[in-house]
Amino acid sequence: MPKPHPDKKPHLDIQENVPLAPFTSFRIGGPARFLVGARDLRELQEALRLARAMNLPFCILGGGSNLLVSDDGFPGLAIRLLMDRVTFSGGMVQVQGGFDLTTLVHRTADWGLSGLESLAGIPGTVGGAVRGNAGAYGGAIGDVVATVSALDSTTLQTLTLRRDQCDFGYRDSRFKRDPGLIVVGTLLALLPGDQDEIRTKVAQTLAKREAKQLSCDRSAGSFFMNPEVNDAALVRRFEEEQGVRCRECHIPAGWLIDQAGLRSLSVGGAAVSHRHANYLVNTGSATAGDVVELARLVRQEVRRKLGVELKEEVSPLGLVI
Ligand SMILES: Cc1cc2nc3c(=O)[nH]c(=O)nc-3n(C[C@H](O)[C@H](O)[C@H](O)COP(=O)(O)OP(=O)(O)OC[C@H]3O[C@@H](n4cnc5c(N)ncnc54)[C@H](O)[C@@H]3O)c2cc1C
């Protein structure tokens, strides 16, 4: 294939007034004023230049699995990150931000590389996962990151940040705190291992998720983060009831919501899932307003009944949760 001339501007296919609901796992949200897909770095840079020239805000859409979009939509340029190349050499995997995370977990298992098994089944893109330090079962993507390539949306320059510069924490990173940094790729340091053993671990993770019904449709996964709880009696109750030790006093938000008697609470078309109390689900006709009001009620009741403050894990777009 001939390479594009470096001076030639990439051609962007911009659509106007596009409903965002189909791009989110919640299936909720009004239209973006403009929507564009960025298949490579040059297209992403061009899209950002365009937003600036039109004096419009921009936002990045990954897999839409952690997004709650306002019913009024987004009054700017929504950019879908479609950069999805992956290569590996030894234990190092270079993957672009738009690559599907679960596909990557299977791909690395096929390559006999270990390190991502606990992330199997988490929907969304690699970029979205790095930004939120996605994880499950004691592992998170930040644990295996060697470097992250990020595009600075102001200077349009790419930076390469080492893991210790990414400020990874529980569902947190430098990229979450600074929305001006777009994760365009990451270099992961994985360990060569036995292909069958790695595939078995991936299958075990998927089975655990299935048993807990964590693949719930029309949600954004866990709506709230697992809070740190300082009430020793509550922590003891959790440990005794569940037969587990509480990790750094972080109690699952779902257990707290259950204890507050909120399972199956609903507002309009939004409900607390009866299968997993930390999943707020769209039962078919929910608006973002319904979800926001439901989240407000859940937070209020957990605070009133248990004295614990819940903070959302889901990313709002065009609204305040
Ligand atoms: C059924 C279900 C189960 C889930 N289970 C888990 C779980 O076990 N563990 C877990 O951690 N999460 C879980 N999630 C949440 C979600 O899958 C993760 O947060 C995921 O990493 C989000 O990635 P995404 O590409 O879909 O991001 P999106 O939803 O598209 O975006 C989320 C936010 O990240 C920003 N963003 C996206 N891509 C980039 C990028 N490249 N650079 C900078 N910012 C970006 C967006 O602008 C937005 O603010 C679950 C979700 C669902 C629906």
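Model, not experiment: these values are computed from the prediction. Start at 1 and go down the list; that is how both ligands and their atoms are numbered.
Residues that satisfy the side-chain contact (heavy atoms from CB on, under 4.5 Å) test with Ala140, not counting sequence neighbours, are Asn133, Asp143. With sequence neighbours excluded, the residues that form a side chain to side chain donor-acceptor pair (under 3.5 Å) with Asp164 are Arg162.
At a cut-off of 3.5 Å, with distance as the only test, a side-chain donor of Ser315 or Arg131 sits close to an acceptor on the other residue.
Between Ser118 and Tyr137, the closest heavy-atom pair is O-CD1, 4.1 Å.
The 4.0 Å heavy-atom shell around ligand 1 contains residues Ser25, Ile60, Leu61, Gly62, Gly63, Gly64, Ser65, Asn66, Leu67, Leu81, Ile122, Pro123, Gly124, Thr125, Gly127, Gly128, Ala129, Arg131, Ala134, Gly135, Ala136, Arg171, Leu181, Ile182, Val183, Arg209, Leu214, Cys216, Ser219, Ala220, Gly221, Tyr279, Glu313, Ser315, ordered by chain and number.
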Can I get a per-line list of side-chain donor-acceptor pairs under 3.5 Å for residues 91-104, giving both atom names and the distance, sequence neighbours left out?
{"unit_1": "Gln94", "atom_1": "NE2", "unit_2": "Thr186", "atom_2": "O", "d": "3.4"}
{"unit_1": "Gln96", "atom_1": "OE1", "unit_2": "Asp84", "atom_2": "N", "d": "3.1"}
{"unit_1": "Gln96", "atom_1": "OE1", "unit_2": "Arg85", "atom_2": "N", "d": "2.9"}
{"unit_1": "Asp100", "atom_1": "OD2", "unit_2": "Thr102", "atom_2": "N", "d": "3.4"}
{"unit_1": "Asp100", "atom_1": "OD2", "unit_2": "Thr103", "atom_2": "N", "d": "2.9"}
{"unit_1": "Asp100", "atom_1": "OD2", "unit_2": "Thr103", "atom_2": "OG1", "d": "2.7"}
{"unit_1": "Thr102", "atom_1": "OG1", "unit_2": "Gly121", "atom_2": "N", "d": "3.2"}
{"unit_1": "Thr102", "atom_1": "OG1", "unit_2": "Ile122", "atom_2": "O", "d": "3.1"}

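Taking the six-membered ring for Trp and thresholds of 30 and 60 degrees, Phe238 and Trp255 have ring planes more than 60 degrees apart, a perpendicular arrangement.
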